[in-house]
Protein chains: 2
Amino acid sequence: MTDSGASRRERKERTRQAILDAALGIADEQSLAALSLRQVTREVGIVPTAFYRHFASIDELGLALVDQSFASLREMLRDVRRSSSELTGVIKGSVDVLVQHVHERREHFRFVARERVSGPPAVRQAIRHELELVERELATDLARLPHADRWSSDDLRIMANLIVTLMVSTAEAIVAAPPERPDVEREVVRTAVAQLRMVVVGALQWESR
Amino acid sequence: MTDSGASRRERKERTRQAILDAALGIADEQSLAALSLRQVTREVGIVPTAFYRHFASIDELGLALVDQSFASLREMLRDVRRSSSELTGVIKGSVDVLVQHVHERREHFRFVARERVSGPPAVRQAIRHELELVERELATDLARLPHADRWSSDDLRIMANLIVTLMVSTAEAIVAAPPERPDVEREVVRTAVAQLRMVVVGALQWESR
DNA sequence: CCTTTCAGTGAACGACTGTGCACTCAAAAC
DNA sequence: GTTTTGAGTGCACAGTCGTTCACTGAAAGG
């Protein structure tokens, strides 16, 4: 590796990030489980054994990718909240933000969608945990809405779970759509918006029992 | 292979099924992508090259597993329709049938849930296609409901998609729950039933625009 | 300036992979 | 009874894999 960068720490951090990027790219075309250490190091341009200078195992690499992906996802949530405080339709606005972020960080969303159900147990669990956090945050957001007094905390949990499920599956659909078929994607968005509206209508009519 | 069975065709069919069973079991603990021909044949008790007498490639094996898994899924749908014609609550009844079938064919549902997002492209596409068929069938079922005249065919599609998404994610949750934690599973069921009710309430209030 | 630290090297290991090819030998076909 | 068919065998091949170990050489620390 000829890396004419500056300090040693910087250079290490740079190769570490290069490993993460390469792993994300390779996993994107297969899966984290079918990802070999040698493949990654080959792409980065270092010798296989050098991998261990950065990660103790591939599982650890996977967890680092989860962290990085959820950083993207949290950026998205921040933007969703920002867009919701403006006056444009909350639902359409949120879906649009979702779409935009999925495009910008396509590989991260694909990674989460895939490894959520198929990854190594440790990775699966980490993702599940992160999604639960998101769900809880959404529940407290919902509790601050007008008319929220008609919902029990159980109702809130259930609604949040439903909405997260819908968003996850919408993200999956966007990510699965051929990149240069904006019509398919528009259809996905239209569907998602209608479904969220339906859910909201149902929630407003809801009588806890 | 000492297989004292009868005719040659029968014996071939039996090893074919043994290969499928072994593959399903192994994939269950990892994924279809990380499934080796040798691993499968070792478990079946035949020599690696004998695999090719039954499948031209692992991809083809995968597609056969999709077929088999969706046979289970269609059995479930048949039962759901049967239970719906009885008077007990349609929603609770359907979810109960789902739970029952997921237990009986756990590996098939896990397979679909996993490979739907992570499998080889051909497998992913096959699963997507099958789910679309299910969605269309559900849409025509919904069209036969009382009050169905308030829904456009587009609304029906959107509702069917929403319900299928919810069912898939419920199946995922059941399958992911520790097998001997009936409390977790009961919670999943309770959540799913409430969510479906919410969706139905929303749909009944729905005004197509 | 001398010493320590440590990211990256390079060879070697044993294990596993998919696939080609010539084979056996019992069931099926004639 | 003879021939054909084809599921399963056994060997061999060239790859890939993760991990070990002793190593180099430049940056960091004293």
Trainee: Need to verify one output field. Residue with the more 5' nearest nucleotide on DNA chain D, A/Pro48 or B/Ala50?
Mentor: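 The residue mapped nearer the 5' terminus is B/Ala50.
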Trainee: With A/Leu196, which of A/Thr170, A/Val201, A/Leu166, A/Val90 fulfils side chain to side chain contact (heavy atoms under 4.5 Å, CB included)?
Mentor: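 Option passing the side chain to side chain contact (heavy atoms under 4.5 Å, CB included) with A/Leu196: A/Leu166.
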Trainee: Which residue pairs pass the side-chain hydrogen bond (donor to acceptor under 3.5 Å, both in side chains) test when at least one of the two sits in residues 106-119 of chain A, sequence neighbours left out?
Mentor: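 Every side-chain hydrogen bond (donor to acceptor under 3.5 Å, both in side chains) pair that includes a residue of residues 106-119 of chain A, provided the two are not neighbours, is A/Asp28-A/Arg110, A/Ser72-A/His108, A/Arg116-A/Glu172, A/Arg116-B/Glu172.
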Trainee: A side-chain contact here means heavy atoms from C-beta on lying under 4.5 Å apart; do A/Val123 and A/Pro120 qualify?
Mentor: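 The answer is yes, as the side chains (C-beta and beyond) meet within the 4.5 Å cut-off.
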Trainee: Which pairs, with at least one residue in residues 50-67 of chain A and sequence neighbours excluded, count as a salt bridge (charged side-chain N to carboxylate O under 4.0 Å, His left out)?
Mentor: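 Sorted result for residues 50-67 of chain A: empty, none.
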Trainee: Do B/Arg11 and B/Thr15 have side chains that get closer than 4.5 Å, going by heavy atoms?
Mentor: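 The answer is no, as the side chains (C-beta and beyond) never meet within the 4.5 Å cut-off.
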Trainee: What pairs meet the ring pair (Phe, Tyr, Trp, His ring centres under 6.0 Å) rule with one or both residues in residues 25-54 of chain B, with sequence neighbours excluded?
Mentor: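 Checked against ring pair (Phe, Tyr, Trp, His ring centres under 6.0 Å) - neighbours excluded - the pairs reaching residues 25-54 of chain B are B/Phe51-B/Phe55.
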Trainee: I'd like to compare against my own output: the B/S/- annotation of nucleotides 12-17 of chain C with a strict under-4.0 Å heavy-atom distance to protein.
Mentor: -----B
Trainee: Can you pull every protein N or O that's under 3.5 Å from an N or O on nucleotides 25-30 of chain C?
Mentor:
residue: C/dA28; atom: OP1; partner: B/Arg8; partner atom: N; Å: 3.1

Trainee: Do A/Leu98 and A/Val80 come close enough that some side-chain heavy atom pair is under 4.5 Å?
Mentor: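 Heavy-atom side-chain distance check fails, nothing below 4.5 Å.
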Trainee: Starting from P on C/dA7, measure out to CD on A/Glu10 and report it in whole angstrom.
Mentor: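 In whole Å, C/dA7 P lies 15 Å from A/Glu10 CD.
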Trainee: Looking at B/Thr15, does any N or O in its side chain come under 4.0 Å of the phosphate oxygens OP1/OP2 on D/dG8?
Mentor: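 It does, given that an N or O in the side chain of B/Thr15 lies less than 4.0 Å from OP1 or OP2 of D/dG8.
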Trainee: Find the runs of at least 3 consecutive base pairs, i with j, i+1 with j-1 and so on, that include DNA chain C, using Watson-Crick or G-U wobble geometry with both distances under 3.5 Å.
Mentor: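 Stems found: C:1-30 with D:1-30.
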Trainee: Could you go through residues 41-48 of chain A and list every donor-acceptor pair under 3.5 Å that involves a side-chain atom there, pairing it with any protein atom two or more places apart or in another chain?
Mentor:
residue: A/Thr41; atom: OG1; partner: A/Leu37; partner atom: O; Å: 3.2
residue: A/Thr41; atom: OG1; partner: A/Arg38; partner atom: O; Å: 3.0

Trainee: Output all residues satisfying ring pair (Phe, Tyr, Trp, His ring centres under 6.0 Å) with A/Phe70, sequence neighbours left out; order by chain, then residue number.
Mentor: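 Checked A/Phe70 against ring pair (Phe, Tyr, Trp, His ring centres under 6.0 Å); zero matches.
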Trainee: Partners of B/Arg9 by salt bridge (Lys or Arg N to Asp or Glu O under 4.0 Å), sequence neighbours excluded?
Mentor: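 Once residues adjacent in sequence are excluded, B/Arg9 has no partner under the salt bridge (Lys or Arg N to Asp or Glu O under 4.0 Å) criterion.
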Trainee: Should we say atom CD of A/Gln125 is surrounded by more than 12 heavy atoms from elsewhere, each under 6.0 Å from it?
Mentor: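 No.
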Trainee: For B/Ile46 and D/dG6, give me the distance from atom CD1 to atom P, rounded to whole Å.
Mentor: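 Taking atom P of D/dG6 as the reference, CD1 of B/Ile46 is at 18 Å.
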Trainee: Within residues 51-60 of chain A, find the residues that approach DNA chain D with a heavy atom at under 4.0 Å, and present them sorted by residue number.
Mentor: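 The answer is A/Tyr52, A/Ile58.
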Trainee: Hey, are A/Arg157 and B/Thr191 close enough side-chain-wise for a donor-acceptor pair under 3.5 Å?
Mentor: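 Indeed, the side chains of B/Thr191 and A/Arg157 share at least one donor-acceptor pair under 3.5 Å.
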Trainee: So if I take residues 17-24 of chain A and measure heavy-atom distances to DNA chain C, which residues fall below 4.0 Å?
Mentor: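 Contacting residues: none.
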Trainee: How about B/Glu185 and B/His103: do any of their side-chain heavy atoms sit closer than 4.5 Å?
Mentor: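 Touching, per the 4.5 Å side-chain cut-off.
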Trainee: Quick one: salt bridge (Lys or Arg N to Asp or Glu O under 4.0 Å) partners of B/Arg74, sequence neighbours excluded?
Mentor: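 Counting only residues at least two positions away or on another chain, B/Arg74 forms a salt bridge (Lys or Arg N to Asp or Glu O under 4.0 Å) with B/Glu130, B/Glu137.
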Trainee: Assess whether one donor atom and one acceptor atom, taken from the side chain of A/Thr49 and the base of C/dG10, lie less than 3.5 Å apart.
Mentor: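 By the distance-only test, yes, there is a pair.
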Trainee: Under 3.5 Å, is there a donor on one side chain and an acceptor on the other for A/Asp96 and A/Gln100?
Mentor: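 Looking only at side-chain atoms, A/Gln100 and A/Asp96 do not form any donor-acceptor pair under 3.5 Å.
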